[in-house]
Structures are given as C-alpha cells and as structure tokens.
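Working notes, structure below.
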Amino acid sequence: MKLQIHDTLRRDKVEFQPQNPQRVTLYVCGPTVYSYAHIGNARPVVVFDVLFRLLRTIYGEDHVIYARNITDVDDKINKAAMDQGVEIDVITNHFADIYNQDMATLGALRPTLEPRVTHNMAAIVDQIAAIVANGHAYAEQGHVLFDVESFKTYGALSRRSVDDMIAGARVEVAPYKRNPQDFVLWKPSKTGEPVWDSPWGPGRPGWHIECSAMIEANLGLPIDIHGGGHDLIFPHHENEIAQGLCAQHAHGHDSEYAHYWMHNGFLTFDGDKMSKSLGNVKLVHDLIKQVPGEVIRAALLSAHYRGPLDWTGELIAQTQSRLDGMYGTLRKFAAVPVRDEATPPAVLEALSDDLNTPRAFAELSALAKALETAADDAARIAAKSQLLAAGKVLGLLQGDAEAWFKAGVDEDLTVKIDALIAERIAARTAKNWSEADRIRKALDELGVEVMDSATGATWKLKAGV
RNA sequence: GGCCUGAUGGCGGAGCGGUUACGCACCGGAUUGCAAAUCCGUGAAGCCCGGUUCGACUCCGGGUCAGGCCUCCA
C-alpha cells in the first residue's frame with residue numbers, strides 16, 4: 001500500500017517516502033494557549049490525528065514521532081496575564097490543560113511530543129545565532145531580523161515573489177528593518193513582559209522562530225511531514241523554511257526543511273467566515289457540552305481535509321444520524337464476539353489516497369451493512385471485527401454502543417425508564433396491547449423511544465431531546 | 001492589485017473520460033400487535049459558454065459566482 005499525500009510545495013499528490021521507516025516524523029502547528037480553542041482550531045487536530053493513526057498503522061506504533069507545539073509565549077498571553085495580574089504560566093497551563101482535555105474529547109490521541117516555547121528557549125537562541133552567523137539575519141536596536149533578500153528561494157511555498165510583497169506592502173516599515181518583508185526573530189520585551197537573556201539583549205522570540213527551533217531541537221532536520229492550517233502557509237511556514245534552512249547552511253536552499261507540506265482547508269459557519277465581529281465563534285469547549293465529541297470529529301472528517309467545510313446545524317444532525325445508525329448496528333450485534341483484525345484494505349486504501357476520509361466513511365457503511373446482512377456467525381464476527389478495525393484508524397466507533405444512546409441520561413431517569421420498560425414487557429407478554437401502548441406513550445413523553453426485539457427491548461433518547 | 005481554492009442530486013460529499021459512490025432526508029415494498037431498527041427497491045446530479053473526443057460531471061480555454069491568504073489567525 002503506497003501512501004499518497006498532497007504536498008503544498010509541489011502542488012501535487014506525491015508518494016510518501018519517509019527518510020527512515022523506523023522513525024517517521026510529523027510536526028503540526030499547535031495552539032497558542034491564551035484562551036479556548038474553537039472548532040476551526042480543531043480541524044487540523046482531528047485531520048492530523050487521522051494521519052498519525054494511519055502512519056502508526058503503516059509503520060508501527062513506535063515508529064512515528066508526532067510533535068505538536070504549545071505556544072506559551074505570545075502577546076495575547078501577556079495581555080491576559082497582565083489583565084488578571086498573574087504570571088503567564090498560570091494562563092498557559094490552564095488553557096493547555098483544557099485544550100488537551102477538549103481535543104481528547106474529540107478522540108485525538110496525544111502527540112508523542114508537545115514542546116513548549118518556554119522549555120526550548122536555548123534552542124531558539126541557538127538557532128537565531130546560527131542564522132546570524134550564516135549571514136541571513138542582522139541585529140538592530142535590540143531586534144534580530146531575518147534578511148529575506150539573502151534567501152533566494154523565499155516565497156517558494158506560498159508562490160509569492162519578494163518583489164510582489166514589497167510592492168504590496170501596506171504596513172508601515174519599522175525603522176530597524178532593512179526591507180519591509182524582513183521579519184523578527186528576536187525582539188525586546190516591553191516593560192512588565194516576560195523576558196529571556198540573549199546575545200542581542202533581553203527579550204523574547206518572534207512568532208515564527210519557535211516552530212523551526214523546536215523542530216530542529218526535538219525532531220531534527222529535515223522532518224518528513226509538516227502540517228497545519230491553510231492560512232499558515234504565509235507567512236508562518238514560509239518563514240519557518242527560511243529559518244530552518246538558513247540555520248543549517250550559509251545557503252539554506254541547499255538542504256531541506258520538511259519533505260512534505262500538508263495544509264487543511266478552512267471552516268466556514270453557515271457560509272460565513274468565523275469572526276468575533278459576526279459573533280459566530282464556536283468554542284470546542286462549549287460545543288462538546290451539546291454534541292458528542294465523536295459527532296464533532298466525524299463531522300470534521302466528513303469532507304476531504306483540503307476542501308472547505310461549512311459548519312452548520314444540518315451537518316451536525318446528519319453526522320449524528322449516521323453515527324446513530326452505525327452504533328445502532330453495533331448495539332444490535334453486541335453479543336457478537338470481536339477478534340483482532342487488521343485495518344480493512346479498502347479503508348487503508350481510501351486513507352492512503354491523501355486521507356480520503358469520505359471514501360473511508362463509505363467503506364464504514366459497507367461494513368455495517370455486511371454486519372446487518374451476514375448470513376451466519378462467522379460472517380458476523382468477521383464483519384463486526386472489520387468495522388471496529390476500520391473505525392479505529394479513524395478514531396470512531398470505539399465506544400460502548402449501549403452507552404452511545406444513553407449519553408447524558410442521569411441515574412434517576414434511567415431507573416424510571418427501566419421500570420417502565422419492565423412493566424411494558426410484562427404487558428406485552430400478557431398481550432395487553434393497550435397497556436403496552438400507554439407505556440410507550442409515557443416513555444415518549446420522557447423523550448425515550450423504545451425498540452422491541454425478540455430478546456427484549458432497548459431504548460434511546462429521541463433526537464433533539 | 002497579487003496568490004490560491006472551490007462550484008456535483010432536497011442536503012452533505014467522493015471517485016471516474018463510457019458502468020450504482022456513500023451518507024442524511026424522501027417515496028414504495030418486506031418485516032413488526034403498534035412503533036423503531038433492519039432488509040429489498042424507486043426517484044434524484046454535475047454553475048455558464050466554447051473546445052478536444054466516437055463519447056465529458058470527469059480533459060483544455062474563457063466566463064460567472066463563492067471563499068481564503070497577502071496584517072494576528074487552523
């Protein structure tokens with residue numbers, strides 16, 4: 001099975017070949033922990049979690065190193081800390097914990113490494129020093145700036161020319177910059193802000209340097225795959241390349257930084273861009289109180305990762321129905337034993353085609369149907385095992401099927417429902433249909449739907465209750 | 001202005017130069033005390049205009065529309 005991925009730099013689908021199959025490296029830009037993550041932030045997390053699972057499937061669980069940084073030095077963090085009168089780590093630890101909990105609710109595995117800027121300051125200073133030593137950066141008024149003109153292939157990832165950028169520059173050029181497109185590697189901290197020592201004076205790192213420095217320090221250059229949101233292509237990833245390469249050699253373009261670049265598309269909300277002014281920012285932290293994390297995950301995977309995805313109530317409802325159907329099948333065949341099963345080839349094939357999750361979903365449906373229509377126990381065991389194995393690589397269907405339909409039901413209600421169902425079973429046994437119907441109606445008023453079967457009765461909460 | 005995406009049935013969403021995607025919803029049938037679930041089945045598509053081709057939703061050109069990036073941003 002050959003893994004094909006779309007590489008942003010080449011603008012084409014290419015075969016993935018790791019430098020070392022025993023040590024496949026993946027880096028994805030993670031959160032700046034000053035507040036809660038929104039669903040837009042969750043898309044890359046879920047998408048690259050599937051990639052992580054797929055790579056582990058192909059190369060072995062211990063042969064994939066996935067790093068996702070936590071940015072804990074940032075202006076917005078400083079502001080939040082200042083506003084609340086606390087040290088920045090009070091803010092960053094708090095939101096990093098919430099972030100990890102929320103992403104776990106979406107079924108995302110913890111990355112192998114979660115490097116933090118504050119823990120990698122020496123590596124950052126080292127990388128800046130190397131860039132300066134190689135003649136690609138200059139110090140000016142306490143700042144260190146990357147000299148874009150010194151790096152000939154700058155703009156290759158985003159397909160921008162330096163000339164265009166100069167022509168289109170809209171912002172006022174800071175006096176310490178030689179050229180408007182030069183970007184900050186190190187800058188002085190303002191009064192009251194956290195500060196670290198450096199050869200260029202006390203200060204803090206610029207925005208882009210953290211990722212390239214942490215990649216070099218934690219994974220080693222070049223890495224196999226670098227991922228992130230589409231919006232990071234420019235300037236963030238462009239600048240990472242410039243830094244990472246120019247730290248290694250005086251002519252950075254002679255080596256490589258990341259062999260494959262993957263970027264997920266954006267989310268819109270009922271067709272609009274998410275923005276604070278429109279008031280349509282949906283936080284994962286809030287959403288998971290209303291919708292199962294697995295539904296959110298499946299909805300995020302319902303479209304191909306590179307395309308746009310419109311986040312709507314309809315999308316959530318359709319995704320919920322789809323998962324209800326599959327969990328319903330699993331509940332119906334709860335007694336069928338499961339054996340260890342490799343990822344079904346059709347699913348592996350779909351995901352190996354640049355993470356074609358919609359096609360993987362189609363296979364999931366086919367396997368669920370195979371389970372429903374299996375002629376004998378052997379076929380049922382095979383189909384159920386395959387369905388669960390397929391779900392595993394997608395991070396879906398691993399929960400208890402019975403619990404799926406009863407999520408959020410408190411104990412009092414459960415007791416009440418179970419009692420009514422017992423009464424109803426007695427009535428049905430006695431063929432007292434009017435009593436049975438009366439109880440069905442009573443349950444209905446509790447928002448519960450009863451499903452009779454040959455072996456008893458099950459129930460679930462009705463949609464929207 | 002520059003760069004980049006996308007446009008598929010009622011909705012979501014893939015593949016594919018000629019053959020059913022798949023799901024959700026709907027409709028018909030089976031099944032069910034009733035119902036749900038399930039199964040079987042029907043219907044439903046490819047923004048516009050050209051071109052290439054025996055044949056295009058699929059390739060090429062142009063247009064229209066929508067969205068993103070160029071400043072913090074997944």
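Keep in mind it's a predicted model, so treat the numbers as computed, not measured. Lettering follows sequence order; numbering is per chain, from 1.
What separates CG of A:L300 from C1' of B:rA74 is a distance of 11 Å, to the nearest Å. Atom CG in A:N264 sits about 19 Å away from atom P in B:rC4, given to the nearest Å. For the pair A:R160 CZ and B:rU71 P, the computed distance is 8 Å after rounding to whole Å. A straight line from CD of A:E210 to C1' of B:rC72 spans 13 Å, rounded to a whole angstrom. As rounded to whole Å, 14 Å separates atom C1' of B:rC70 from atom CG of A:L157.
Comparing A:K460 and A:P358 against RNA chain B, the residue whose closest nucleotide sits nearer the 5' end is A:P358. The residue among A:R322 and A:W433 whose nearest nucleotide of RNA chain B lies closer to the 5′ end is A:R322.
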Would A:F16 and A:Y260 count as a ring-ring contact (aromatic ring centres under 6.0 Å, His included) if you check the C-alpha gap in whole Å, the side-chain angles of each, and the deciding distance to 0.1 Å? CA-CA 8 Å; A:F16 174 67; A:Y260 304 88; 5.0 Å; yes
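Nearest approach of A:I70 to A:N100, heavy atoms of both residues: CD1-ND2, 4.5 Å. Across all their heavy atoms, A:T312 and A:L315 have their closest contact at OG1-N, 3.0 Å.
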Dot-bracket encoding of pairs in RNA chain B, which uses [ ] for pseudoknotted crossings and | for another strand, Watson-Crick or G-U under 3.5 angstrom: (((((((..(((.....[...)))..((((.......)))).....(((((..]....))))))))))))....
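Ring planes of A:F183 and A:Y154: parallel class, angle under 30° (limits at 30 and 60°).
Among B:rG23, B:rA74, B:rG33, the nucleotide with an atom closest to any side-chain atom of A:D437 is B:rG33. Of the candidates B:rG15, B:rC69, B:rC39, the closest approach to any side-chain atom of A:T373 belongs to B:rC39.
Remark: A:K369 is in phosphate contact with B:rC40, judged by side-chain N or O atoms under 4.0 Å from OP1 or OP2.
Between the side chains of A:H263 and A:H230, no donor-acceptor pair of N or O atoms lies under 3.5 Å. Looking only at atom types and distance, the side chain of A:D324 has a donor-acceptor partner in the side chain of A:Q320 under 3.5 Å away.
In this structure, A:F266 does not count as stacked on the base of B:rG67 under the 5.5 Å centre distance and 30° plane angle limits.
Residue contacts for A:R428: at a heavy-atom cut-off of 4.0 Å it reaches a base atom on one of the strands shown. At the heavy-atom level, A:T32 lies nowhere under 4.0 Å from the strands shown. A:H38 comes within 4.0 angstrom of a base, heavy atoms only.
Sparse packing is recorded around NZ of A:K2, with 12 or fewer heavy atoms of other residues, nucleotides or ligands lying under 6.0 Å away.
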